[in-house]
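Some notes on the structure that comes next.
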Amino acid sequence: QFQTQEALRTLRQSGNAQRFLPEQDTLPADTERGLTEALVEHRSAALVDLADTQNQLIGVLSESSALDGELLQVSGQLHSLLDERLLWLPSTTPLGHDWLRKLGVGAAWLLTPGHWSAVPLALASTLRTRPLSALLMALVLVALVASHQRLAAALPIWARSVGQRNDSFHITLLTCVATLLLALVWPLPLASLGWGLSVPGGGGGSAGFVRALGAGALGAALVWLMLGLFINMCRPYGLFVAHFGWNAQSTQRLGRALRLLLLMLAPATLVTGMTNASGEPELIDGLGRLSFLLGSLSLGLFLYRVFRPNGGVHAGTQVREGKPRRLALLLSRVLIAVPVLLAALAGMGYYATARELQARMFTSGWILLAVAIVYYIAMRGVLVASRRAARQPADARFAKALADAQAARENDSSDSESSSSMEALVLQNQEGEIDAVTVSQQTRALLRAASAVLLAVLLVGIWREMIPALNVFN
């Protein structure tokens, strides 16, 4: 359009008709000038028509671009609607020969040497393009590794102060921070590797595989961190036993079950994240579905180890007979069966449904435990404050009794009974715990209500997108 307007402007300038005249006169001057002027007018009119046509074309293209944007927005809304309404429809074919073929394609993609040889090149490219970020991450990793032993050695020292006269709530807070740092020792290097592989610009011809590996590493690091937090809380001098008063044997069994779950779930999460990031349907349906099946079965095994009647986490604990016991057994069996049912759904072709349900259930379980830990931490703070409040009258009585004993001793220095009485008072005041220190039932009820509200809000936020799918049963 700019060229057309420029040509039209040049043509309309005065005297431009002269340059269209031939150098040698073959026609009379008036005839040549008349023909040239007519030619210029026709050319000007054609350029004006061309400019109008271009303006109309620009307007049409603008309207088309706006329509494309609206179409894209509507398509996104339709995609979300289909995900909500058609979640209960099969997303792929059941397990069979076609799935085995896709599994072979995925295995070849995963085991191609050329893909793995591009990983060091991608990391080197990240170091060149992001040197400061890489250096900062390396320094953090070195600091975590260097402080690992000291943090682990500090946990027993802090735990010995719990319940004693020098007990304080900041000891529990320090233990929480130490637990988080201990849990970051292994997930953070894996997350750093995922970040280094996810930076654009590296990998060459295998850039898609490299980015998929980075996404899978980030997902596996997140799962490792989530499980690692609870594993470190199950230490003998960790939060669960030393600060929350949980049973030591039950906590030890829970820690072993969590370690086994991490060993099985982290590789499955890595491969599933890689296939999902690749965007290839054959990889997602083949290798990704296999990893999902293994992850679901590992979750089922974990729940069985936790809730089984003999040898589970609650083995040896007193459970009231009758309806509470039957309800607990029923709930434990339902929880054990859920991951197995999700694996069966994925095998029958409802892979997208099973994947969405498992992701939300896993997150819901983690949030449930996190809210429970926050509740126990709050109760620990209330307990420490209650103990301090209970010690104040006792300290006042002890100070008065000690002053009376000293006065009596000054009056009669040979009185052995007064001396033994004062020693008994000192020993009594040095006892580590004060009996009959209880937390108010109203405080417990308030904390439980707040925890229930917080849990309900978080669970609604997780399952909100899937609730409209239940309308299909109306």
Side-chain angles (χ1 to χ4, degrees), residues 1-12 41-93 98 102 105-106 109 129 195 197-216 218-219 272-286 288-289 346 349-360 363 460-474:
Q1 186 185 13
F2 174 77
Q3 294 178 353
T4 303
Q5 295 292 339
E6 186 66 20
L8 184 59
R9 185 185 63 81
T10 304
L11 190 63
R12 287 175 174 176
E41 291 178 358
H42 287 297
R43 184 180 180 89
S44 299
L47 290 175
V48 170
D49 294 338
L50 179 60
D52 294 338
T53 304
Q54 289 176 341
N55 290 329
Q56 296 176 1
L57 180 60
I58 291 174
V60 172
L61 292 176
S62 299
E63 295 177 359
S64 176
S65 178
L67 291 175
D68 290 341
E70 294 178 0
L71 179 61
L72 183 61
Q73 183 179 3
V74 173
S75 299
Q77 295 175 355
L78 179 61
H79 185 270
S80 301
L81 181 62
L82 291 178
D83 287 341
E84 295 174 355
R85 302 292 180 178
L86 304 182
L87 187 62
W88 311 109
L89 297 180
S91 59
T92 184
T93 58
D98 186 60
K102 295 177 180 178
V105 173
W109 175 77
T129 56
W195 169 78
L197 297 177
S198 301
V199 175
S206 301
F209 176 83
V210 170
R211 286 194 294 270
L213 179 60
L218 290 174
T272 303
M274 291 178 62
T275 55
N276 292 337
S278 68
E280 296 292 335
E282 290 189 340
L283 298 178
I284 296 174
D285 190 29
R289 183 150 53 147
Y350 296 86
Y351 179 41
T353 303
R355 188 172 57 188
E356 291 293 330
L357 290 175
Q358 188 194 73
R360 285 170 169 79
T363 306
V460 168
I462 293 174
W463 293 93
R464 179 181 56 188
E465 297 179 357
M466 295 189 65
I467 291 176
L470 300 176
N471 294 332
V472 71
F473 298 107
N474 292 339

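As a basis for the values below, the full set of heavy atoms in this structure was taken, side chains included, without hydrogen atoms, waters or symmetry mates. These numbers come from a predicted model, not from an experiment.
- Shown here are the ring-ring contact (aromatic ring centres under 6.0 Å, His included) partners of F209, two or more places apart in sequence or in another chain: W109, H115, W116.
- Applying the salt bridge (Lys or Arg N to Asp or Glu O under 4.0 Å) test to E282 and every residue at least two apart in sequence or in another chain returns R101.
- Scanning for side chain to side chain contact (heavy atoms under 4.5 Å, CB included) contacts around A277 gives A212, A215, with sequence neighbours left out.
- Legend: residues meeting side chain to side chain contact (heavy atoms under 4.5 Å, CB included) with I462, ordered by chain and number and at least two apart, are R360, T363, S364, I367.
- For Q358, the side-chain hydrogen bond (donor to acceptor under 3.5 Å, both in side chains) partners two or more places apart in sequence, or in a different chain, are S296.
- Nearest heavy atom pair, residue R355 against residue N276, reads NH1-OD1, 3.0 Å.
- In this structure, Y351 and T272 approach most closely via the heavy-atom pair OH-CG2, 4.3 Å.
- Of all heavy-atom pairs spanning L283 and S278, the tightest one is CD1-OG, 3.5 Å.
- Taking every heavy atom of both residues into account, L218 and S198 meet most closely at CD1-OG, 4.0 Å.
- For the atom pair CD1 of I58 and OG of S65, the computed distance is 13.0 Å after rounding to the nearest 0.5 Å.
- Partners of T92 under the side-chain hydrogen bond (donor to acceptor under 3.5 Å, both in side chains) rule, at least two apart in sequence or in another chain, are D285.
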